[in-house]
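One structure below.
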Amino acid sequence: VSTQSTWGPKMFRTLLRVQAKKLMESIPGYQTTKQTIQEGSGAEVQKGQNVTVHATGVVQQTGKKFWSTKDPGQQPFRYQAGVGKVITGWDQGCLGMKIGEVRKLIIPAKEGYGEAGFPAWGIPPGGTLDFTIEVLSIE
């Protein structure tokens with residue numbers, strides 16, 4: 001009988017993905033899922049409000065970061081919530097967040113950049129997006 005573990009790096013990564021999916025919550029009516037990484041406090045993001053966030057986007061299939069407001073030379077991003085001015089998964093996935101909250105969003109292509117992707121940013125056709133978003137202010 002061998003005492004060596006059969007848990008290699010590939011098995012461990014698979015287990016992490018399975019566990020992460022269990023912690024993700026669905027957004028009713030959408031395919032995007034969300035997970036609270038850090039709780040926030042105070043007012044919640046509501047449709048029509050102006051929201052300022054830090055955001056980092058990664059292509060799930062490649063692990064490539066395509067954008068981050070925390071990178072040198074970048075600034076927090078400001079948008080109007082819930083009215084279609086950003087991709088659907090983000091628009092719906094940020095509703096209800098509180099100031100200081102950090103949330104992970106898994107956004108399928110249909111609610112992201114679609115079947116065409118966004119080649120200029122390295123998002124392939126049909127790319128699934130993994131965003132980490134932190135709410136800085138709500139107006």
| field | Salt-bridge present (Asp91, Lys85; N to O < 4.0 Å) | value | no
| note | Thr88 meets the side-chain hydrogen bond (donor to acceptor under 3.5 Å, both in side chains) criterion, sequence neighbours left out, with none
| field | Gln75, CD atom: more than 12 neighbouring heavy atoms under 6.0 Å | value | no
| query | Any sub-3.5 Å donor-acceptor pair from Ser68's side-chain atoms to Lys70's backbone N or O? | reply | yes
| request: For side chain to side chain contact (heavy atoms under 4.5 Å, CB included), just list the numbers for Arg78 and Glu139, CA-CA rounded to whole Å, side-chain angles, deciding distance to a tenth of an Å, and then say yes or no. | output: CA-CA 10 Å; Arg78 187 170 191 260; Glu139 299 170 18; 2.7 Å; yes
| task | Could you check if a side-chain atom of Thr128 sits within less than 4.5 angstrom of a side-chain atom of Val59, using non-hydrogen atoms only? | result | no
| remark: CD1 of Ile107 to CD of Gln60, rounded to nearest 0.5 Å, is 10.5 Å
| said: For a quick check under 3.5 Å, do Thr32 and Glu111 share a side-chain donor-acceptor pair by atom type? | reply: yes
| request: Check whether any side-chain heavy atom of Val135 sits under 4.5 Å from a side-chain heavy atom of Val51, and report yes or no. | output: yes
| Aromatic plane relationship, Trp121 with Trp67 - under 30° parallel, 30 to 60° tilted, over 60° perpendicular | parallel
| note | So CD of Gln35 and CG of Asp130: to nearest 0.5 Å the spacing works out to 9.5 Å
| query | Would you say Thr69's side chain and Ala55's backbone share a donor-acceptor pair under 3.5 angstrom? | reply | yes
| Could you give the distance from CD1 (Ile123) to OH (Tyr113), rounded to the nearest 0.5 Å? | 5.5 Å
| request: Could you pull out the closest heavy-atom pair between Cys94 and Leu105, with the gap in Å? | output: SG-CD1, 4.2 Å
| Exceeds 12 heavy-atom contacts within 6.0 angstrom, atom NZ of Lys47 | no
| query | Does the side chain of Thr56 come within less than 4.5 Å of Phe131's, by heavy atoms? | reply | no
| remark: Tyr79 meets the side-chain hydrogen bond (donor to acceptor under 3.5 Å, both in side chains) criterion, sequence neighbours left out, with Trp90
| said: So that I can tick it off, tell me whether Glu25 and Arg103 are bridged by a salt bridge, with the cut-off set at under 4.0 angstrom between side-chain N and carboxylate O. | reply: no
| query | Do the side chain of Thr62 and the main chain of Lys64 share a donor and acceptor less than 3.5 angstrom apart? | reply | yes
| field | Residue of the set Asn50, Val53, Leu95 for which side chain to side chain contact (heavy atoms under 4.5 Å, CB included) holds with Val45 | value | Leu95
| field | Distance (rounded to the nearest 0.5 Å) between Lys104 NZ and Thr33 OG1 | value | 8.5 Å
| For the student: nearest non-hydrogen atoms of Glu44 and Lys98, plus distance | OE2-CE, 3.5 Å
| message | Has Gln92 got a side-chain atom pairing as donor or acceptor with Gly89's backbone, closer than 3.5 angstrom? | response | no
| Basic-acidic side-chain contact under 4.0 Å: Lys110, Glu115 | no
| query | How about Ile87 and Leu129: do any of their side-chain heavy atoms sit closer than 4.5 Å? | reply | yes
| query | Can you tell me how far CG of Asp71 sits from NE2 of His54, rounded to the nearest 0.5 angstrom? | reply | 10.5 Å
